[in-house]
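Structure first, commentary second.
Each residue takes its place number in the sequence, starting with 1. Atoms within a ligand are numbered from 1 in the order they appear, just like the ligands themselves.
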Amino acid sequence: MNEANEAPGDAAARLAAVTEVIVRTAKLAGRAPSAIELIAVSKTMPPDAIRPLIDAGQPSFGENRVQEAAAKWPALRTPATRLHLVGQLQSNKAREAVELFDAIHSVDRASLVEALAKAQDATGRRRELFVQVNIGAEAQKGGCAIGELPALLAQARDAGLAIDGLMCVPPADTEAAPFFALAARLARDNGLAKLSMGMSADYETAIMLGATHIRVGTALFGAR
Ligand SMILES: *Cc1c(COP(=O)(O)O)cnc(C)c1O
């Protein structure tokens, strides 16, 4: 996909196209389209590239760095905006993340569970939280190991931290479906209702397999 040279107005057209695919795929899967939240992943994109999507009515956006989001979003966001952190989070930035984001998709270790529990208590805010699972057991990827998931969830419960769902990023250059299916089973087995999975290349497959949150960058903004 090479869309780097398109005019800014094309963002709204791309949003309409992605939305149409979501609606069609959800219907095919026997699901309500409204059960799938489209997160427009705007990491590295300047405000001028983001504003057309806000103007077109897109509420949810995703960023992968706390510092970048803190620089861009206070001036951009509207009362309807929902901001999602989809990148790794250092424990010492947990408080800033809780203040800035409505949802955090990268809870993946005990120290971060502790820091988020403290940050939510201190701020009085309750955020939507996903445990990221290293679904392909890749050394270079973030996420908690599948075998450690029950213990991490138990620790979160003990800390009073409500976990809403699982998030995963399947290995690149392989068929994503088996990994999405595995994530869906892990969520079900652990009583978690939400599933953050699917990016530009595979969000239709993710919707078929139960994604409640899809994280789409390139298909909306063009190449980074
Ligand atoms: C960048 C990113 C996305 C979006 O990827 P695209 O392929 O551009 O749609 C989704 N999820 C995470 C965790 C990301 O870092």
Side-chain angles (χ1 to χ4, degrees), residues 1-6 10-11 13-22 25 36-46 49-50 52-53 58-70 72-73 82-90 93 97 100-109 112 127-144 164-177 179-180 182-184 187 194-224:
M1 219 183 294
N2 183 3
E3 302 167 312
N5 296 320
E6 291 179 36
D10 290 349
R14 287 187 201 138
L15 176 62
V18 169
T19 302
E20 197 182 301
V21 173
I22 294 170
T25 309
I36 295 136
E37 182 171 341
L38 169 64
I39 301 167
V41 179
S42 50
K43 64 187 184 198
T44 78
M45 291 295 152
I50 298 171
L53 283 194
Q58 170 63 22
S60 295
F61 290 85
E63 293 284 343
N64 68 338
R65 288 165 193 269
V66 175
Q67 288 323 112
E68 183 182 342
K72 284 192 326 204
W73 280 96
R82 280 180 45 75
L83 208 52
H84 297 253
L85 178 63
V86 301
Q88 286 182 33
L89 177 59
Q90 292 172 275
K93 293 205 175 112
L100 193 57
F101 292 93
D102 300 281
I104 296 170
H105 293 239
S106 50
V107 183
D108 64 355
R109 61 195 187 279
L112 187 54
R127 299 317 194 187
E128 188 176 36
L129 299 176
F130 297 80
V131 167
Q132 181 176 354
V133 178
N134 188 351
I135 203 73
E138 296 174 280
Q140 78 281 13
K141 275 226 179 100
C144 123
D164 300 289
L166 296 184
M167 179 272 219
C168 74
V169 182
D173 306 319
T174 21
E175 176 50 57
F179 298 97
F180 290 155
L182 177 56
K194 296 179 184 177
L195 266 177
S196 166
M197 59 187 196
M199 317 197 327
S200 292
D202 52 24
Y203 68 91
E204 291 174 73
T205 304
I207 291 170
M208 296 294 286
L209 289 163
T212 61
H213 294 65
I214 57 174
R215 311 178 310 267
V216 178
T218 311
L220 291 171
F221 293 101
R224 283 183 290 275

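The closest donor-acceptor contact from the side chain of Asp164 to the backbone of Leu129 lies under 3.5 Å.
In this structure, a donor-acceptor pair under 3.5 Å is absent between the side chains of Gln132 and Ser106. With 3.5 Å as the limit, one finds a donor-acceptor pair spanning the side chains of Glu63 and Ser42. Using a 3.5 Å distance cut-off with no hydrogens or angles, the side chains of His105 and Glu128 do not pair a donor with an acceptor.
Proximity of Leu38 to Val216: side-chain heavy atoms (C-beta onward) are separated by under 4.5 Å at one or more points.
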Which pairs of nitrogen or oxygen atoms, taken one from ligand 1 and one from the protein, are under 3.5 angstrom apart?
{"residue": "ligand 1", "atom": "8 (O)", "partner": "Thr218", "partner atom": "N", "Å": "2.8"}
{"residue": "ligand 1", "atom": "8 (O)", "partner": "Thr218", "partner atom": "OG1", "Å": "2.5"}
{"residue": "ligand 1", "atom": "8 (O)", "partner": "Arg224", "partner atom": "NH1", "Å": "2.8"}
{"residue": "ligand 1", "atom": "8 (O)", "partner": "Arg224", "partner atom": "NH2", "Å": "3.2"}
{"residue": "ligand 1", "atom": "9 (O)", "partner": "Ser200", "partner atom": "N", "Å": "3.0"}
{"residue": "ligand 1", "atom": "9 (O)", "partner": "Ser200", "partner atom": "OG", "Å": "2.5"}
{"residue": "ligand 1", "atom": "9 (O)", "partner": "Gly217", "partner atom": "N", "Å": "2.8"}
{"residue": "ligand 1", "atom": "11 (N)", "partner": "Arg215", "partner atom": "NE", "Å": "2.9"}
{"residue": "ligand 1", "atom": "15 (O)", "partner": "Lys43", "partner atom": "NZ", "Å": "2.6"}

Practice task
Give the C-alpha distance, both sets of side-chain angles, the deciding distance and a yes or no for side-chain contact (heavy atoms from CB on, under 4.5 Å) between Ile135 and Phe180.
Solution key: CA-CA 8 Å; Ile135 203 73; Phe180 290 155; over 6 Å; no
